[in-house]
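Notes to accompany the following structure.
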Amino acid sequence: MNILEDMNPQQKEAVQYTRGPLLILAGAGSGKTRVLTHRIAYLIENGVKPYHIMAITFTNKAAQEMRDRVDQIVGFGSESIWVSTFHSSCVRILRRFIDRIGFLNSFTIYDTDDQKTLMKQVIKKLELDPKIYKERALMSAISSAKNEMISPEQFEKNAGLDWNKKKISQVYYEYQAELKKNNALDFDDLLVKTVELFKQCQDVLEYYQDRFQYLMVDEYQDTNTVQFQFINLLAAKNRNLCVVGDDDQSIYKFRGANIRNILEFEKSFPDAKVIKLEQNYRSTSNILDAANGVISNNKGRKEKKLWTENEKGAKITFRKFQNGFEEAEYVTGEISRKIRNGECRYGDIAILYRTNAQSRLFEEKLLIANIPYKIVGSVNFYARKEVKDLLSYLKTVDNASDDLAVQRIINVPKRGIGATTISRIQAHAAESGTNFYGALLEAQYIPGLSRSLSKIESFTTFIQKLRTQVQYYSVKELLEHIIEETGYVKKLEAEDTDEARARIENIDELISKVVTYEEEEESPTLSGFLQEVALVADIDSIDSDSDFCLLMTLHSAKGLEFPYVFMAGMEDGIFPSYMTITGDDPDELEEERRLCYVGITRAKKELVMTAASQRMIRGETQYNKVSRFVHEIPRELVELGREKDLDRDAFVNPRQRFSNNVSFKPRQFTVTRLEHLEYNVGDTVRHTKFGVGEVTDIADGGKDYEVTVHFDHAGVKKMFASFAKLKKI
DNA sequence: TACTGGATTATTTTT
DNA sequence: TAATCCAGTA
């Protein structure tokens with residue numbers, strides 16, 4: 001086949017520009033995956049060995065897709081090209097070399113759940129007040145530090161005299177020490193340790209530099225500092241680095257993504273060639289114009305304008321409803337109608353929303369309407385309780401050095417081993433320098449266990465017995481054996497609730513995943529299965545053959561496309577989220593707007609946006625205005641249900657009229673004047689987001705106090721006392 | 001040790 | 001609302 005066939009001039013140029021740094025600014029739907037895959041084919045056709053090519057993506061799904069397409073056009077040798085995610089590339093490298101920086105190559109990977117458990121233990125060990133030091137906040141502080149390649153030592157130095165930060169650095173130290181003890185790495189560590197390895201072991205770095213002479217990175221706008229360093233180190237020698245991205249689709253700042261990586265690529269590589277792909281092949285021109293209308297409100301973008309030769313297509317539909325129920329009913333009704341009319345199949349339709357919690361209403365209505373659907377996200381399959389329990393058994397059998405796994409299952413199902421026993425064992429493990437499972441094996445020498453001793457022994461004999469069987473049984477048999485012996489499913493059957501049945505279904509699903517693994521892998525092993533499972537996200541498992549409507553967050557939708565898209569919950573306070581409107585960081589609003597842009601550009605043929613004027617959030621009714629993003633779409637592109645739906649000051653219901661004079665804010669924001677403030681000018685206060693600062697002014701604004709605070713790091717901020725929830729310290 | 005019910009609290013997005 | 005935590009009880 002001709003690799004350059006059917007390509008526009010820019011695409012051709014991108015495919016053929018193979019030497020030196022290259023930045024491809026690829027707008028939504030401009031065929032960037034096609035360019036990447038064809039570029040790989042072109043490289044090979046021009047004498048580059050497949051072995052020397054590496055392509056990096058963010059999700060396994062994207063990697064898989066690219067792999068398939070590469071296989072199709074390359075044929076021979078394509079299997080030796082590395083096409084994988086950042087995380088799995090790092091795992092592959094670390095499995096081979098991490099012993100060089102003091103870990104065992106058999107390290108385990110901790111997911112978010114494990115991190116949380118570990119963090120709880122750290123908080124307890126350091127005797128911190130969990131009311132002040134929340135594991136969530138600590139975890140995100142540590143994670144951002146890791147994303148910026150800040151070590152605990154560095155963190156401590158940066159903290160200076162900031163008492164709070166010093167405490168966090170202590171936690172960070174301890175947390176890393178615990179990981180090390182368990183021979184475990186968290187998601188962030190996979191990147192950090194790889195970069196560390198590269199920096200410390202020149203020979204390893206050179207080995208990979210020689211191996212990966214041609215590097216390609218997809219979704220470059222979402223890279224963070226560690227990922228940037230990882231790529232830079234690998235590319236430093238040959239400098240054949242091609243990155244593809246769209247600054248307008250950068251939506252992972254909260255996860256440390258550094259939009260500067262793309263905006264300043266030319267600074268890092270002054271000789272970089274820049275190619276813009278601006279022709280959109282995906283959407284109708286109406287959809288594209290709507291997207292452009294919204295995103296043009298952002299400042300500091302790379303100059304580009306998307307265009308298309310596609311027809312105008314239908315207008316964007318906007319409908320507003322009384323509440324979330326009616327909204328969901330309308331959406332399901334529309335879906336049924338489309339199917340009835342034979343317009344499309346279920347799989348052509350996606351419902352997108354801002355937060356996972358919004359899926360519930362749709363789920364209910366879809367169920368009633370008998371529409372097949374799949375929810376992507378919310379809880380990752382491998383993070384579900386029952387699945388994790390069983391995986392923890394497998395982990396324990398495989399390699400009992402993972403304390404968290406052992407602790408998770410030691411009393412699941414209930415064996416009468418309680419909290420006191422567990423802390424005794426932990427204490428013993430700490431004393432004798434073994435891990436938790438090691439201490440269990442020595443249980444008979446631990447004083448004070450009395451009654452629990454026999455229970456512990458029967459647990460360990462069970463595990464030891466399974467271990468002797470590992471080599472004779474398949475993973476599937478082993479898993480079924482565990483389910484049988486522990487009576488896990490039997491217990492659930494006895495519960496006889498919908499929830500229990502759903503859990504059993506998940507267990508069956510797990511068994512079939514094991515079977516698939518064993519069928520596909522040449523030499524399947526238990527460790528191999530556990531490794532594979534550690535890095536999969538929910539989105540990875542959706543296959544395009546099955547005919548389901550898909551429900552997912554806007555974030556999960558990145559990189560996908562659908563003929564028909566519903567964007568639900570288009571309300572200020574939901575999308576853009578409450579946090580971004582009340583906070584005063586305009587960058588965050590811009591990120592939300594990019595998210596909206598991503599959502600709109602997922603649609604190929606039709607886009608429907610819906611809003612509800614009244615919505616239940618966490619048991620409280622909120623009254624929201626129509627999202628500002630809807631207003632940013634050129635009016636002539638929008639088809640309304642009722643003319644007044646887009647009137648900014650229409651009275652939709654009496655409650656809203658009531659709160660009207662408080663400038664249209666949802667009721668949640670309605671000001672309840674605080675009678676007295678717990679702080680005064682000169683006091684030191686803490687803000688949940690900006691940290692610690694000094695109150696420099698308090699002005700009585702009649703309805704509320706306006707407080708001016710000089711924050712140590714965030715600068716001077718003015719805020720309303722009733723929103724800011726400042727705490728005196 | 002396990003279970004219950006009341007209180008508390010979280011609220012954005014996830015590889 | 002829903003999940004989690006904690007104290008009191010069996």
Side-chain angles (χ1 to χ4, degrees), chain A residues 56-63 84-91 109-113 115-116 120 130-131 134-137 139-140 143 146-147 185-191 218-219 222-224 226-227 250-257 324 352-358 360-361 376-380 382-383 385 411-422 450-452 455 499 534-540 552-559 569 573-583 588-589 591-592 594-596 598-599 615-622 668 688-689 725:
Chain A
I56 301 178
T57 63
F58 272 79
T59 65
N60 295 301
K61 187 182 159 53
S84 57
T85 64
F86 273 105
H87 294 268
S88 50
S89 306
C90 289
V91 172
I109 300 165
Y110 277 1
D111 66 13
T112 322
D113 233 44
Q115 285 181 50
K116 213 165 139 190
K120 269 186 199 156
K131 290 244 153 50
K134 306 241 194 278
E135 74 244 13
R136 248 181 65 92
M139 277 162 60
S140 84
S143 175
K146 286 181 177 178
N147 288 159
L185 303 183
D186 64 18
F187 283 140
D188 300 318
D189 277 342
L190 294 175
L191 267 312
D218 195 10
E219 307 282 11
D222 287 326
T223 49
N224 59 35
V226 211
Q227 288 162 339
S250 158
I251 53 173
Y252 281 110
K253 189 175 158 212
F254 72 94
R255 213 165 64 191
L352 309 181
Y353 36 75
R354 180 66 235 270
T355 66
N356 277 309
Q358 288 167 260
R360 229 200 70 228
L361 282 177
V376 178
S378 60
V379 193
N380 185 341
Y382 291 103
K385 185 185 177 302
N411 202 27
V412 175
K414 300 269 181 296
R415 297 192 174 83
I417 301 172
T420 24
T421 311
I422 289 172
S450 63
R451 272 171 305 161
S452 349
K455 291 164 185 160
E499 199 200 325
L535 288 176
V536 283
D538 218 37
I539 189 95
D540 302 332
M552 68 186 93
T553 62
L554 289 152
H555 281 90
S556 311
K558 198 186 69 175
I574 305 281
F575 185 37
S577 81
Y578 164 77
M579 299 290 220
T580 38
I581 332 186
T582 47
E588 287 188 11
L589 193 89
E591 174 138 329
E592 293 275 302
R594 290 193 290 270
L595 189 55
C596 184
V598 168
R615 192 182 285 278
M616 273 276 256
I617 304 260
R618 292 189 302 274
E620 235 189 316
T621 309
Q622 272 190 17
Q668 193 180 329
T688 45
K689 202 167 137 210
K725 292 190 189 117

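The sequence lines fix the lettering, A, B, ..., with proteins before strands; numbering per chain opens at 1.
Regarding Asp222(A), its CG atom lies at a distance of 17 Å from the P atom of dT13(B), rounded to whole Å. Spacing between atom NZ of Lys146(A) and atom P of dT15(B) amounts to 18 Å, rounded to whole angstrom units. Across the protein-nucleic acid pair, Ile574(A) atom CD1 and dT13(B) atom P stand 11 Å apart, rounded to whole Å. Protein atom CG of Leu352(A) is 12 Å distant from nucleotide atom P of dT14(B), rounded to whole Å. Remark: C1' of dA10(B) and CZ of Arg136(A) are 8 Å apart, rounded to the nearest angstrom. Rounded to an integer number of Å, the gap from CZ of Phe575(A) to P of dT12(B) is 14 Å. Between the CD atom of Glu591(A) and the C1' atom of dT14(B) there is a distance of 13 Å, rounded to whole Å. Atoms CD (Gln622(A)) and P (dT1(C)) sit 14 Å apart, rounded to a whole Å.
Comparing dT15(B), dT1(B), dT12(B) by their nearest atom to the side chain of Thr59(A) picks out dT15(B). Among the nucleotides dA10(B), dC3(B), dT12(B), the one closest to the side chain of Lys134(A) is dA10(B). Comparing dT14(B), dA10(B), dT1(B) against the side chain of Ser452(A) picks out dT1(B) as the nearest. Checked against dC3(B), dT15(B), dT14(B), the side chain of Lys414(A) finds its nearest nucleotide in dC3(B). When the nucleotides dT15(B), dT1(B), dT14(B) are ranked by their closest atom to the side chain of His87(A), dT15(B) comes out on top. For Thr421(A), counting side-chain heavy atoms from C-beta on, the closest listed nucleotide (dT1(B), dT15(B), dT13(B)) is dT1(B). Which of dT12(B), dT15(B), dT1(B) sits closest to the side chain of Met579(A) comes down to dT12(B).
Counting distance only, with no hydrogens placed and no angle test, the side-chain atoms of His555(A) and the base atoms of dT14(B) include no donor-acceptor pair under 3.5 Å.
By the 6.0 Å contact criterion, NZ on Lys116(A) is open, its count of non-hydrogen atoms from other residues, nucleotides or ligands being 12 or less.
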Practice problem: List the steps, then state whether ring-ring contact (aromatic ring centres under 6.0 Å, His included) holds for Tyr353(A) with His555(A). | Solution: CA-CA 9 Å; Tyr353(A) 36 75; His555(A) 281 90; over 10 Å; no
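A salt bridge links Lys146(A) with Asp186(A): the distance from a Lys NZ or Arg NE/NH1/NH2 to an Asp or Glu carboxylate oxygen falls below 4.0 Å. Salt bridge absent: Glu588(A) and Lys253(A) never bring a charged side-chain N and a carboxylate O closer than 4.0 Å. Using a 4.0 Å cut-off between a side-chain N of Lys or Arg and a carboxylate O of Asp or Glu, Asp222(A) and Arg255(A) do not qualify as a salt bridge.
Residue-level contact check: Glu592(A) touches the bases, meaning some heavy atom is under 4.0 Å from a base atom. Residue Thr85(A) is out of contact with every strand shown, counting any heavy-atom pair closer than 4.0 Å.
Spacing of C1' atoms, dT12(B) relative to dC5(C), comes out at 24 Å, to the nearest Å.
Between dT14(B) and Thr553(A), a contact under 4.0 Å exists linking OP1 or OP2 to a side-chain N or O. OP1 or OP2 of dA2(B) lies within a sub-4.0 Å distance of a side-chain N or O belonging to Asn411(A). Contact annotation: Asn356(A) side-chain N/O to dT13(B) OP1/OP2 distance is under 4.0 Å.
Thr57(A) and Thr85(A) share no donor-acceptor pair across their side chains, judged by distance under 3.5 Å alone. One side chain, Asp188(A) or Ser143(A), offers a donor N or O that lies under 3.5 Å from an acceptor on the other.
Positionally, the nearest nucleotide of DNA chain B for Thr420(A) lies more toward the 5' end than for the other of Thr420(A) and Ser577(A). The nearest heavy atom of DNA chain B to Arg415(A) and to Phe58(A) marks one nucleotide each, and the one closer to the 5' end goes with Arg415(A).
Separation of atoms CZ (Arg136(A)) and OG1 (Thr112(A)) is listed at 11.5 Å; rounding is to 0.5 Å.
For Phe254(A) and dT13(B), the ring-to-base geometry satisfies the stacking test (centroid distance below 5.5 Å, interplanar angle below 30°).
Ring centers of His87(A) and Phe58(A): at least 6.0 Å apart, outside the cut-off.
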Polar pairs (N or O, both sides) under 3.5 Å between protein and nucleotides 2-7 of chain C?
unit_1 : atom_1 : unit_2    : atom_2 : d
dA2(C) : OP1    : Arg360(A) : NH1    : 3.3
dC5(C) : OP1    : Lys120(A) : NZ     : 3.1

